[in-house]
Structure formats: C-alpha cells, structure tokens
Asker: 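Quick one: the structure is below, questions incoming.
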Number of protein chains: 2
Amino acid sequence: MLTNPRADRVRSVRALSKRSVRERTGRFAVEGPQGVREAVRYAAPRVRDVYLTSEAIERHADDIVGPARAAQLWVHEVTPDVLAAMAEADAPQGVLAVVDTAGDSLDDVLAARPRLLVLLTHVRDPGNAGTVIRGADAAGADAVLVSEASVDVLGSKVVRSTAGSLFHLPVVTGLDVASTLSTLRAHGIRTLAADGAGATLLPDADLDGPHCWVMGNEAWGLGEPVRAACDDVVRVPIHGRAESLNLAMAATLCLYASAGRRPSGDPDG
Amino acid sequence: MLTNPRADRVRSVRALSKRSVRERTGRFAVEGPQGVREAVRYAAPRVRDVYLTSEAIERHADDIVGPARAAQLWVHEVTPDVLAAMAEADAPQGVLAVVDTAGDSLDDVLAARPRLLVLLTHVRDPGNAGTVIRGADAAGADAVLVSEASVDVLGSKVVRSTAGSLFHLPVVTGLDVASTLSTLRAHGIRTLAADGAGATLLPDADLDGPHCWVMGNEAWGLGEPVRAACDDVVRVPIHGRAESLNLAMAATLCLYASAGRRPSGDPDG
C-alpha cells in the first residue's frame, strides 16, 4: 500500500501532466476507470503500473484488477491521498495507470491498408481532439492522424475525452500536413478536405475507395494550400441558420457518412 | 462612455451570471461578437443593451454596431475594464449584450407544425447543451426542448457554445418529460429515443413524418420509463470498439439523419 503523497514515485507520476516530461519519458497517465479498463484490455503490453484505491480495487475487481493481474501487470493499492496527488483531474474515481506511448507511425498505418482515416491539422482544443478520436473509433476508422503544432493527444483532457478510444486505434502524431497528403495520395488514399466553403456536399462525396478526411483548426479552418492539395473539398450541408458546425460534430458526420457507405456499414449485418 | 467598473449598471450585468438573477429579471448576458451579432440580427426586439469597447466598435461597425443602431438599440461604449467586470468569460472580445429571455412555450412550437424536434432530458453539461442547440440549428430542426432539472441554457457557457444558434430557433425549457412525450404524440409527432440499447439502427429508423429525438443524460442515458414511453428506441451504429458516442455527437448524427431524409435535405437543391 502506497501511503505517502510526497513519495518520489507519486511525484514522478504527477509530473506526467507536463508535455515535456511525457516526451522525455515516453509515458503518460490515464486517469479514471474507463480509460484504464480499455488500456488494460487493448494495450496491456504498454501498461507499466496500475494504481487503485482500496475502494476502487473492490469496485473494479472484474473489469480492471482481474484482467490486469491476468496480464501480469503491476497493480498497486494506494490511499485516496496518494491517488489525488498523482492525478491531474479532480475526480479520477480512484483509478490511474501509467502507460508507454504507442509510437504509432504513418508507415505502420499504411502497411495495414487502411480504408478510412482522419487527419487533424493544427487542432488546439483538447476536448475536440479527444472527441474526434472517439468518433473515429465509433465510425470504424483505421487510424487518426494528427499534425504537428496540435494539442498533445496524451494530455489528460484529451485522454479522458477519448473515453478509452485512444487504445482502440492507432493515433499518429507530429505529422507534417503537406508531406502527409502526398504520402496518402501515393498510397491510393483520396484526401477529402472538410470545409464550409467546399463545392461538394457531403451526401454527394465520393466515399467508395480508401480515403482520409482532413479537418482544419477550430478557429480558422483549413488554409487554401491544404484545400488545394486535397482531392476534393466537401462541406456538411447547413439546413438552418447556423454558420457552421464545430470541429468534432463535422468530423463525426463526415466519418459516419463514410461508415454508412462501406459494405460493413451495419455492424450487425 | 462607461468608465467605472464598480458602477451599479456594471454590477447588475455581472449578476446575470447567476441563474437566480436571470430567472428573477428575465434577462441574460450574451458575451462575444458571434452571439451578439446573431442576437441583434434575429432577436433585436429582445436586446436591451449592447456594450462594446472602442476597439470593438470599430471592428464590428458593420456586423454589430450598424445593425444595432438601425434597430434603434442602445449601444454603449465602455472601457475594457468595464467590459471585463461585466463579463463572466475571460475573453469576450470587447462585446456583450443584455437580452430578454424569449419565453418560448411548447404550445408556440407546436402551433408552427414542427417537422423535426429534439428533447434533451436532464442534460447537465453546458458544452453539450450548447453544442446540441447548434447542431439542431444546422440540421434545420424547428426547436429544441429541454427538460426540467437540466443545465440553464441561458448560462454563459451554453450561450457561447451555441455560437449564436440560441437566437435562430426556439428553445423551450423546464419541461416535464412524461407529459411532453404525451403532448408530442397527441400532436402526431413520433418520439424516437436515442439509446445505445435501441433495437432499431439509425439508418433503418422511420424518419419520414414529424418526429422528435429524445436524448438522455450524459452519464446515465435514458431511463426505462422514458424509453418505454417513446414510439421507438434507435441506436447509432458503433462500427469500432467505442462503447458509445457522446451526447452531442449522437444528437448531431440523429438530427442529420432526419435532415437527410427530408425533401428539403439539400439546402441548395
């Protein structure tokens, strides 16, 4: 039982709330039962330590502690004070894990012959980034690509808003937009810029072959060079008086439009 | 020019950040140029005062100040200190308005023979509520209905996340869920519960006639009595490993599925 909130180990976990520490150590923290459960289930080889309060050990005996022990992971009992000192969130519900960065690369993603991708360019809001990763997972996308100068997807707010989806599909970060678009095209993947100024309406977009949605920044959208470098520029129809949709909603609608066109569109079919 | 951040008028505007004050006075504050522009454009009779810094008066001469003066609204020049003292947000970009509550009622909404509605039951997160209002607007919904025990849609975070859509369509609040469902049915409006446990997949849902999407709380979804009281329970297909979508994403997908089935689905058509 870890009882000292000022212990070195506790400090080193808490330090993972800093991007520089995450990058130096190649580790990040996952807070809360949902994320930790999915990490244990889908990324056990990367989970270094799982920390739970006594209460959480009882509550999550079946969905976290059992599977973690079965995977021979380190499971540590800690006091509520220790968990609070480790966590960035106010209420991680007694559960936290330290996980190695996946280090997914674009080459790995392309080698798996993806059918559906999404590229986030210069996304800044943690909630948006996390929600898009969750939506991409739900829509059955093969990976999420994130450009350089974007929010760190291993920050606690992003991790939390992915609701575990971060461990369900590869998330490649730090990409240069222009060279990524060239690489995708060279691999026969159509690039579709999602933009309110697009000439093609979403219901009319060609979504039959492998393709990648390219989403812009929350505030200023996609720049003209990026739009010009894509195979098509597609807009979600606006039926009312709204000027636009927010990034996460637009991405979800685009990704689900793609999912709906795939032969495997009905998961029960 | 208002220059004293401690003036009574400034305090009374700032007090609108409290729900109790909004309810007592029947007014709320709109912060930032996007919301104020839409309020002036679509709800001018309800706008009591518009406050702008000198810089904002120049920047928004055409889209806010001109239309506000044309509508004979009170436009006040204030110092940045006064605006900061009035506003709840850190960065309202020099623009704030005080607006009367619309007081939309379900009877008013039904009298307009709506085709597409959404009912939010016990929604608690301001960002979710605002995003659903924005998505409902974009999908061409006729109104948003909000149950009692929900977040106050006139709070600053909700207002901001609607991105002006709050002034584009009626938002009826404080509704009892059970009696609202009965009333809708009595008016020939099908009620569709959106729920991950639904037997009907979204692409197969009957969306031809007038209908209302019924969305649950972020954490616990819809209760069994509400599901049972609806005409159908519909689920958004999950193609990957995600457990669910968040409320705003699910609502947007449902509302856009409805929009896509309407004869007027293509806004340019």
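Atom set for the values below is all heavy atoms of this structure, side chains included, hydrogens, waters and symmetry mates excluded. Note that the structure is predicted; figures quoted are calculated from it, not measured.
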Asker: For Thr131(B), is it the side chain, the backbone, both, or neither that has a heavy atom closer than 4.5 Å to a heavy atom of chain A?
Answerer: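 Both the backbone and the side chain of Thr131(B) come within 4.5 Å of chain A.
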Asker: With a 4.5 angstrom heavy-atom cut-off, could you sort out which part of Ala138(A) is near chain B: side chain, backbone, both or neither?
Answerer: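 Backbone plus side chain of Ala138(A), per the 4.5 Å heavy-atom cut-off to chain B.
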Asker: Do Trp213(B) and Leu116(B) have side-chain heavy atoms sitting under 4.5 Å apart?
Answerer: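 Trp213(B) reaches Leu116(B) side chain to side chain.
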Asker: Please classify the contact between Thr252(A) and chain B as side chain, backbone, both or neither, with a heavy-atom cut-off of under 4.5 Å.
Answerer: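 Answer is both: backbone and side chain atoms of Thr252(A) are under 4.5 Å from chain B.
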Asker: Report, as yes or no, whether the 6.0 Å neighbourhood of atom CZ on Arg41(B) holds more than 12 heavy atoms from other residues, nucleotides or ligands.
Answerer: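 At most 12 heavy atoms, drawn from other residues, nucleotides or ligands, come within 6.0 Å of this atom.
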Asker: So which residue, Met249(A), Gln34(A), Arg134(A), Glu38(A), ends up with the most heavy-atom pairs under 4.5 Å with chain B?
Answerer: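 Most pairs with chain B among the choices: Arg134(A).
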Asker: Hey, are the side chains of Asp142(A) and Leu169(A) touching, using non-hydrogen atoms and a 4.5 Å cut-off?
Answerer: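 No; the side chains remain at least 4.5 Å from each other.
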Asker: Can you say whether Thr162(B) sits under 4.5 Å from chain A via the side chain, the backbone, both, or neither, judging by heavy atoms?
Answerer: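 Neither part, no heavy atoms under 4.5 Å.
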Asker: Would you confirm whether Gln93(B), through its side chain, and Gly32(B), through its main-chain N or O, come within 3.5 Å as a donor-acceptor pair?
Answerer: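 It does not hold such a pair.
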Asker: For Arg124(A), look at atom CZ and say whether over 12 heavy atoms of other residues, nucleotides or ligands are found less than 6.0 Å away.
Answerer: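 Yes, CZ of Arg124(A) has more than 12 neighbouring heavy atoms, counting only those of other groups under 6.0 Å.
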Asker: Quick check on Arg37(A) against chain B: is it the side chain, the backbone, both or neither that has a heavy atom closer than 4.5 Å?
Answerer: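 Only the side chain of Arg37(A) comes within 4.5 Å of chain B.
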